[in-house]
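What follows is a short report on a single structure.
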Amino acid sequence: MAVNTDGPVTRATIEAKLREIRGEVGTTTESARPFVMVAGIAAAVVVVGMAYLLGKRKGKKKTTVVEVRRV
């Protein structure tokens, strides 16, 4: 929608510009939503995997080895 910038600023001009901006934000949000969801899921998987691997390594460091010998 074209807005006349030469004349005085009216309520209709402001409303038209706000509708234009709102439309751009809405389309940008809708186009970025799938990417954000995939990135969030990937980040969650990486965090859980790192916690698992770090916990697994830490568990091995504190493992006690018991050796039984008969005399």
Side-chain angles (χ1 to χ4, degrees):
M1 175 181 234
V3 178
N4 187 7
T5 57
D6 295 336
V9 177
T10 62
R11 181 178 178 161
T13 306
I14 295 172
E15 288 177 354
K17 189 64 176 175
L18 288 175
R19 281 192 202 105
E20 181 182 333
I21 292 171
R22 186 182 303 162
E24 290 176 7
V25 170
T27 57
T28 303
T29 303
E30 291 300 321
S31 66
R33 187 171 300 203
F35 175 73
V36 171
M37 288 183 63
V38 169
I41 291 170
V45 168
V46 168
V47 167
V48 169
M50 290 297 293
Y52 172 75
L53 291 175
L54 291 174
K56 185 177 177 182
R57 182 172 176 257
K58 194 168 189 168
K60 283 185 180 178
K61 288 173 73 177
K62 290 184 178 179
T63 301
T64 303
V65 176
V66 177
E67 187 174 330
V68 178
R69 291 185 180 191
R70 290 187 176 202
V71 181

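Numbers here are sequence positions counted from 1. Every value quoted in this text rests on a predicted model; they were computed, and no experiment measured them.
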Q. Quick one: do the Thr13 and Thr10 side chains pair a donor with an acceptor below 3.5 Å?
A. yes
**Q.** Atom pair CZ (Arg22) and NZ (Lys17), whose distance is rounded to the nearest 0.5 Å
**A.** 14.0 Å
**Q.** Single-linkage hydrophobic cluster, 4.5 Å side-chain cutoff, Leu54 and Val46 together
**A.** no
